[in-house]
K.L.:
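Questions regarding the structure given below will be posed in turn.
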2 protein chains.
Amino acid sequence: MTTTLDPDLTDETAPHRVVTAMRGSLPGIDLDDSPTTLAAHRTDRSAMPGDPDPLVLARPASTEQVSALLAYANAHRIPVVPQGTLTGVAGAASAISRAILLDLTAMDAIIRIDADDMIAVAQPGVIVADLAAAAADRGLFYAPDPASAQIATLGGNVATNAGGMRCIKYGVTRESVRSLEVVLADGTVLRTRPSTIKTVGGLDLTGLIVGSEGTLAVVTEITVKLLPAPGPERGVLGLFPSVAQGLSATNRIAAGPRTPARLEFMDGRCLEAIRKHIPDAPVPAEANAWALAVTDARDGAEEDLASFEKIFADAGATTVQRADSAEELEAILEARRQLQPSARGLLGGSVEGDIAVPRSALANFSARVAEVESAYDVTIALGGHVGDGNLHPIVAYTPAEGARERADEAVMTLSRLAQEMGGTMSGEHGVGLEKLPALDTEMAPEALELQRRIKTLFDPNGILNPGKKY
Amino acid sequence: MTTTLDPDLTDETAPHRVVTAMRGSLPGIDLDDSPTTLAAHRTDRSAMPGDPDPLVLARPASTEQVSALLAYANAHRIPVVPQGTLTGVAGAASAISRAILLDLTAMDAIIRIDADDMIAVAQPGVIVADLAAAAADRGLFYAPDPASAQIATLGGNVATNAGGMRCIKYGVTRESVRSLEVVLADGTVLRTRPSTIKTVGGLDLTGLIVGSEGTLAVVTEITVKLLPAPGPERGVLGLFPSVAQGLSATNRIAAGPRTPARLEFMDGRCLEAIRKHIPDAPVPAEANAWALAVTDARDGAEEDLASFEKIFADAGATTVQRADSAEELEAILEARRQLQPSARGLLGGSVEGDIAVPRSALANFSARVAEVESAYDVTIALGGHVGDGNLHPIVAYTPAEGARERADEAVMTLSRLAQEMGGTMSGEHGVGLEKLPALDTEMAPEALELQRRIKTLFDPNGILNPGKKY
């Protein structure tokens, strides 16, 4: 996807002139081109630095303003990068040269929580945890719970089809999105479908736009489904002498009759990293695999926990420990959430993967990791949402000439391994910029071409987040 | 959507010549142009008769044969109508003049049931109930359960995004489809995504094709997710003096903490029709509303039933009756399934709607029915899957000059009423041919146009089920 810039934008003095012209054409819209602001909005949390020279940060306050901005950008062939709180980890929100950064965080209203129809209607800038809290206040439950829920926006979660720890029971973000109001590249405002539970009156535009990383349309209002509040979360932690035993246990739980609300896994390297980073973390000293199964059942929670304990013990766990209180469980989950920051410090540098494979292939995948470590002289820690077959391999390296490049190659090799096993290079983080090199082996050329043509259909001038996702 | 026919196909002697040419170009593919066969495949179960003069019935035995057929049809601009067992009720599978009827029922293998990854892989011609039974044999559960499950194909369910009684708990067919193998209009074979639980490596082509009624691609292999087997189904039947009381009870259950596996409703007219049609049906004599709430919980089923009983009683039920055995419940469900055939006989003729509204609008919708009855001199029976806000109003009429047309207009008026309440003209049956007249009020012109452009992108020559869905 390439974008032809307005010729006026190609000389060095032009950006300021363009912003001045925008201010004239788009009165009332907050446009900020201060270097400090632009620098702060250059890069998301990925390792993919955005371009240093975006045009301006626009902070629309309404759907009408988003529409006016896109119509202007489309007419002048100016790229647009939708942004939230920049918590993405694949570069989808990183800046593009001479682009409008479309900051949607000012559109942060929870418009409505409807307890009868069990839906919430919100603007894209609302923080996910705030939406979940507002639902909880009404006795309801917004299920998606990515690790970034406290800091990420709902719009960003929709753009990336965010996952998290609760997907094994409740599905990914797409499965909670009922309908969207979106603005197309030319400024047209569209509702994707009625907010009824069922409709077959059209194609599934909603699902198509969810996960499209801001490349098809800009989402300005989101209707999500809410669920009855679950029971309190309680869990069982198991420690195992081997990765194979740990994965055998988690696979038995996942394929069993009692679907957990969370099913997490870490190998010995992960535990080592966390202990090093947080000396008092509730992570026992010696184990090669750590597994956590959580229930939030309103009925049968006790039976769930007993079943998890038995499966852990049968699989050879050396420790089986129940977390019955919210505090105990939260401490365990917090340690798990600290895996990424911890692993970064393991050797000095690290890169993170996001592979997913069929659950039955997890053990095979883990068995291939040692050869990747040797090939690239890196250390790999394996952890993730094994209930979904989704691992985030952390490739750690000792900073040195070429070490970072070798780590990136190791992540690519792990992605290819996952793809060969019927899996994907990205279970939940998105493609953004970071995973573009793994696209060619992810899908057939015809499938990729079809997606690029859908992108072009939605955005003929290629202004929406060009160069990302495809 | 119009299709330009090959000029050779426009004179009367041409069809036989074309079929002869097809036989030469497509050796080994079962092509049947006997008048008896074509007549039997002319019309689905809708009130929309197919065109009387399709070209040929093709019965491919493999994806390769489907690919060869589509490549041929695309090159010669011959329309293609994918067909299963013709159980659809909106005309999506009805014949088109000079078209190839693509009968996929010979591709009926269950390729694989994987209990570890909890998926089934099947060809489109498999009967839905057979797939469900094969899953049950492995202790697993295929959730979608449309009324036609015993006779409809999985491919047809995917094409129409079939609903049914269990959607309130398990969602529509789309939510059970993991990935698809499809053949595009030009014969290209494509896999929509890996069969992993999560992937964000591309756009959601799977969800886009599900429910597209054979207009975007022909589905040749389907991977569905399976769930742990639920507990035995048990239910509570409530009878109410008024529709308002019945709907108030079902809405309280639907929005409550104990999500039922089925939540069905019929008004007094429905009951009258069933009693008339099946004298010994377990449908009590005098009531203006009938509601059934079913649980299949493995844990807490007893509490579910007690909760349903209390809500029914609190809402003013005159009778609250538990169905504890599978036999009792099945008899009640069977009576419910007989509603459509029964209602047909109520006055002599009937037409059925398929509206869905937000649940909170059900009572308002039902309150408006009397004025529609007066306006069109028809009798309307209201029943359906109220847990999803999905009603199938049966518009009955005494056969007479113009009566059928008035009934059709009444259905259209009910569709518009639903749309005005934030709803849809089709909750689960599809658009096909029957609902085309209600499209313009279903969505904004821009949304409809975008969908038609997606159709054209997938099928530039307009050969796939032209004239349907959009």
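As the structure is a computational prediction, the values presented were derived from the model and not from experiment.
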K.L.:
What part of B:D117 gets closer than 4.5 Å to chain A, counting heavy atoms only: side chain, backbone, both or neither?
P.N.:
both
K.L.:
By a 4.5 Å heavy-atom criterion (distance strictly below it), what part of B:R453 contacts chain A: side chain, backbone, both, or neither?
P.N.:
both
K.L.:
So which heavy atom on B:S360 is nearest to which on A:D116, and how close?
P.N.:
CB-CB, 4.3 Å
K.L.:
Hey, what do you get for CZ (B:R359) to CD1 (A:I197), rounding to the nearest 0.5 Å?
P.N.:
4.5 Å
K.L.:
Below 4.5 Å from any heavy atom of chain B, which atoms of A:E442 appear? Answer side chain, backbone, both or neither.
P.N.:
side chain
K.L.:
Report yes if some heavy atom in the side chain of B:L457 is under 4.5 Å from a heavy atom in the side chain of A:T456; otherwise report no.
P.N.:
no
K.L.:
Go through B:G207, B:A444, B:P257, B:A115 and name the one with the most non-hydrogen pairs under 4.5 angstrom from chain A.
P.N.:
B:P257
K.L.:
To the nearest 0.5 Å, tell me how far A:I168 CD1 sits from B:K198 NZ.
P.N.:
9.5 Å
K.L.:
Side chain to side chain donor-acceptor pair (under 3.5 Å) with B:R112: which residues, sequence neighbours excluded?
P.N.:
B:D114
K.L.:
Identify the two heavy atoms, one from B:D204 and one from A:L208, that lie closest to each other, and give their separation to 0.1 Å.
P.N.:
O-CD1, 4.2 Å
K.L.:
Are the side chains of A:V200 and B:V172 in contact, using a 4.5 Å heavy-atom criterion?
P.N.:
no
K.L.:
Need one label for B:T160: side chain, backbone, both or neither, based on atoms under 4.5 Å from any heavy atom in chain A.
P.N.:
backbone
K.L.:
Which region of B:R252, side chain (C-beta onward) or backbone (N, CA, C, O), has a non-hydrogen atom less than 4.5 Å from a non-hydrogen atom of chain A, or is it both or neither?
P.N.:
neither
K.L.:
What residues form a ring-ring contact (aromatic ring centres under 6.0 Å, His included) with A:H385, not counting sequence neighbours?
P.N.:
A:H392
K.L.:
If you measure from CG on A:D354 to OG1 on B:T199, what distance do you get to the nearest 0.5 Å?
P.N.:
9.0 Å
K.L.:
Can you name the residues that form a side chain to side chain donor-acceptor pair (under 3.5 Å) with A:K169, not counting sequence neighbours?
P.N.:
A:D296
K.L.:
Under 4.5 Å heavy-atom distance to chain A, tell me which part of B:A90 shows up: side chain, backbone, both or neither.
P.N.:
neither
K.L.:
Could you tell me the separation between the CG atom of A:L450 and the OG1 atom of B:T188, rounded to the nearest 0.5 Å?
P.N.:
9.5 Å
K.L.:
Checking B:K435 against chain A: side chain, backbone, both or neither under 4.5 Å from a heavy atom?
P.N.:
neither
K.L.:
Out of curiosity, A:T259 OG1 to B:R298 CZ, how far, rounded to the nearest 0.5 Å?
P.N.:
9.0 Å
K.L.:
Nearest 0.5 Å, what's the CG-CD distance between A:L190 and B:E449?
P.N.:
11.0 Å
K.L.:
Under 4.5 Å, heavy atom to heavy atom, which residues of residues 415-424 of chain A contact chain B?
P.N.:
A:G422, A:G423, A:T424
